[in-house]
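First up is the structure itself, then whatever we jot down about it.
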Amino acid sequence: MKISLDIELKDIPGQLILALKPISDFGGNIKTVLHQRDKKTPSGRIPVQIVFEIEESKLARLVERLKEGDVNVARVGKERLKESMVVLLIGHIVHTDIGDTINSVDSTGFAEVVELSLSMPGIEKKSSALFTLSAIAKEELKKALDILKEIAKKKGILVISSI
Amino acid sequence: MKTKIIRILIIGFGNIGGGVAEVISRKKENIAKKQGLVLKIVGIADLKGVIINKNGLSEEDIRKFKTGEKIEKTRDLNIIKEIEHEVMVEATPTNIENGEPGLTHIIAALESNRHVVTSNKGPLALEYKRLMDLAAERGKEIRFGATVGGSLPIISLVKDNLASNGIISIKGILNGTCNYILTRMAEQGLPYEHVLKEAQELGIAESDPSKDVEGIDTAVKLVILANSVFDRDVSYKDVQITGIKDITSEALEMADEAGYAIKLLGEVNKGGCLKVAPRLVPKDNPLNVRGTLNVVTIKTDLAGNITILGKGAGPIETASAILSDILGIYKHNNENDFII
């Protein structure tokens with residue numbers, strides 16, 4: 001699983017290794033380290049963002065270990081859904097059970113509708129909705145779009161995907 | 001410089017055929033001087049009749065043919081066989097049901113050992129392979145740059161300038177009418193029906209706009225690209241088509257706020273994709289062009305993405321593509337055709 005970890009380190013030499021070594025010890029695969037020296041926290045610490053991959057079962061113990069080692073852990077973010085795209089729907093979106101339309105994607109387990117905005121100009125008129133679809137990877141995102149297109153077709157809704 | 005005479009027969013003398021006569025008249029001196037090619041229109045035929053002069057028609061003759069003052073009332077297609085010429089320009093209107101009458105004209109010309117340059121999409125969208133095989137058998141060329149994207153040199157760009165590249169995909173806006181309608185709807189917040197009516201009044205949309213707005217015209221052009229660039233053997237019935245009729249001004253506004261324009265795109269790739277559909281195009285993408293413009297992005301394996309844009313229709317713009325095709329035939333080969 002890909003994790004984005006925000007930590008805060010004391011501004012003295014040798015601190016970064018305190019954070020990186022435990023990740024490595026737990027078998028984590030570090031992807032990026034962003035050392036934001038110019039953005040000190042009010043307490044004078046330096047924020048660092050580390051993105052790494054690790055087995056989910058080891059994450060909690062890793063966070064404990066970091067805290068024991070005097071590393072301030074500000075945020076642990078799971079980046080499960082990495083790929084996103086915007087899709088526009090036109091048609092009778094609400095009255096054809098919008099919940100069911102969204103659920104067709106959410107129930108896949110690999111993709112979700114993460115944002116939605118809706119424009120309903122009048123009861124008899126067609127509505128428009130802007131969906132943001134997110135999925136765990138590109139291929140799954142494409143599958144989610146196909147699922148959405150399929151259900152939209154049955155409901156007479158036009159799906160406009162981004163290039 | 002060795003001078004070569006190229007005799008041209010124009011079949012179909014509407015806007016495009018007339019445009020061809022006009023651009024030849026405008027450019028012939030320059031072409032003779034720079035390329036040593038003397039272009040002579042030896043005959044013109046359309047539904048009204050024919051006019052022929054084996055030594056070349058004068059501008060006055062052509063004008064009189066247009067006004068009907070000087071016209072021979074015949075619709076005998078034997079002129080394609082009987083009047084000696086090197087290049088037949090086929091500029092009759094597109095018929096996507098059976099390709100006629102263009103298909104018969106093109107076959108007659110190739111069988112009479114003429115090169116063919118055409119703006120007529122029907123015969124190519126329906127019988128591409130048959131026509132190419134016939135041309136190859138006769139050792140003649142059939143060029144059709146004017147059928148896709150009007151003045152945009154898409155086909156010659158791919159076949160000549162990008163010859164070293166593998167083409168991965170081609171996508172773009174190939175119908176100026178749809179692009180005009182979507183642009184106006186987006187910029188003015190106007191409903192589809194209103195903008196369509198406006199486009200019809202301006203002559204941008206036809207009185208029966210269905211071929212444009214339903215995406216069929218784009219599909220036919222896409223088929224020509226699929227067959228000529230990707231060596232497919234498909235017809236427009238193989239294209240997955242969605243038009244623009246269901247697009248609302250609210251949807252365009254919503255897309256705009258999210259940083260997108262909605263454009264009717266045709267897309268073909270070497271993996272088998274062949275579709276026409278409205279798509280969300282990021283506003284900073286080169287495919288986001290306004291008004292009646294056409295635009296195409298060609299994705300290549302060596303040169304990356306190449307985008308060209310320009311006027312997709314209009315008599316002079318289309319005639320420009322036809323004239324370029326005529327000159328293209330004589331650029332590299334066909335020495336045997338020259339009669340001087």
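Each salt bridge (Lys or Arg N to Asp or Glu O under 4.0 Å) pair with one or both residues in residues 87-107 of chain A, not counting sequence neighbours, appears once here: A:D100-A:K155.
When the shell of 6.0 Å around CD of B:E206 is examined, it contains 12 or fewer heavy atoms from other residues, nucleotides or ligands. Counting non-hydrogen atoms of neighbouring residues, nucleotides and ligands closer than 6.0 angstrom, the CD1 atom of A:I123 reaches no more than 12 such neighbours. Counting heavy-atom neighbours within 6.0 Å of A:E53 CD, excluding the residue itself, gives a total above 12. Residue A:E139 places its CD atom among 12 or fewer non-hydrogen atoms of other residues, nucleotides or ligands, all under 6.0 Å distant. Within a 6.0 Å sphere centred on NZ of A:K149, heavy atoms belonging to other residues, nucleotides or ligands number more than 12.
Looking at A:S161 and B:R279, their side chains do bring a donor and an acceptor atom within 3.5 Å of each other.
Interatomic distance, B:E250 CD to A:K125 NZ, rounded to the nearest 0.5 Å: 6.0 Å.
Proximity to chain B (any heavy atom under 4.5 Å) is shown, for A:L88, by both the backbone and the side chain. Contacts of A:I157 with chain B are absent, with no heavy-atom separation under 4.5 Å from either backbone or side chain. Contact of B:K171 with chain A is made through the side chain alone, with heavy-atom distances under 4.5 Å. Contacts of B:T242 with chain A are made by side-chain atoms alone, with heavy-atom separations under 4.5 Å and no backbone atom involved. In this structure, chain A has no heavy atom under 4.5 Å from any part of B:A277.
Annotation: side chain of B:V281 is not in contact with side chain of A:S162 (no heavy-atom distance under 4.5 Å). The shortest distance between side-chain heavy atoms of B:L280 and A:V87 does not fall below 4.5 Å. By the 4.5 Å heavy-atom criterion applied to side chains, B:I247 and A:I160 are counted as neighbours.
Closest heavy-atom contact between B:P282 and A:I163: CD-CG1, 3.8 Å.
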The test is side chain to side chain contact (heavy atoms under 4.5 Å, CB included); show your working for B:M254 and A:S117 and say whether it passes. CA-CA 9 Å; B:M254 192 167 243; A:S117 51; 4.0 Å; yes
